[in-house]
K.L.:
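Here you go, one structure.
Order of listing sets the numbers, starting from 1, for every ligand and every atom in it. Computed over heavy atoms, backbone and side chain alike; hydrogens, waters and symmetry mates excluded. As the structure is a computational prediction, the values presented were derived from the model and not from experiment.
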Amino acid sequence: MRDLEIITSAKVMAYEELDAPVRELVDAARAATAGSYAPYSHFKVGAAIRLSNGSIVTGANQENVAYPSGTCAERSACYWAGANAPEETFEMIAVAAVGTDGLPCATPAAPCGACRQALLEYEMRAGHDVPVILAGALEIYCLPSVKSLLPFAFTEF
Ligand code: THU
């Protein structure tokens, strides 16, 4: 018998403490919430990804009356990037959300399990850690990598 322990942690930062390129990505994720189509949950999520060429791509959750047909902001962003910039790798990801009250969520919204799995594959394709910035209105969680969000991930078969 042996113990296998995976410890995960985040740095909790204020917006003003972020480096300018990280602030820019957070701004892009916040702006991307405007592209959310969320008539069912009224929860608007935006995601922004910095690519290896320095550009930023964004996504927002897109819901559907057949609920499972909708997709999250993170997957709309990463699949757009994969489809339109297949040669680029991911450098950093930011996520922001606007709650059902129409106000930016104070506490950071974290990607769902399916998005963690999807993003992980882009991190593996990048060949290096891809930091994830979860941007609440009051505080911002800075995680070192996608894999830190998904311990014991499924990565091969
Ligand atoms: N959602 C995202 O887009 N990303 C997340 O990180 C969590 C949840 C969306 C899915 C759905 O449109 C709405 O938020 C409520 O779950």
K.L.:
Could you tell me if the side chain of Trp80 sits less than 4.5 Å from the side chain of Arg75, heavy atoms only?
P.N.:
no
K.L.:
Please assess Ser52 against Glu88 for the test side chain to side chain donor-acceptor pair (under 3.5 Å), listing each intermediate value before the final yes or no.
P.N.:
CA-CA 5 Å; Ser52 45; Glu88 306 303 326; 2.8 Å; yes
K.L.:
Between Thr8 and Ile6, is any pair of side-chain heavy atoms under 4.5 Å apart?
P.N.:
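SC-SC contact between Thr8 and Ile6 ruled out.
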K.L.:
How about Leu134 and Pro111: do any of their side-chain heavy atoms sit closer than 4.5 Å?
P.N.:
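Touching, per the 4.5 Å side-chain cut-off.
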K.L.:
Give a yes or no on whether Glu121 atom CD has more than 12 heavy-atom contacts from other residues, nucleotides or ligands under 6.0 Å away.
P.N.:
no
K.L.:
For ligand 1, would you mind listing the residues that have at least one heavy atom less than 4.0 Å away, ordered by chain and number?
P.N.:
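Ser41, Phe43, Val45, Asn61, Glu63, Cys72, Ala73, Glu74, Ala110, Pro111, Cys112.
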K.L.:
Specify the closest pair of heavy atoms between Arg23 and Glu16, including all atoms of both residues, with the distance to one decimal.
P.N.:
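Of all heavy-atom pairs spanning Arg23 and Glu16, the closest is NH1-O, 3.8 Å.
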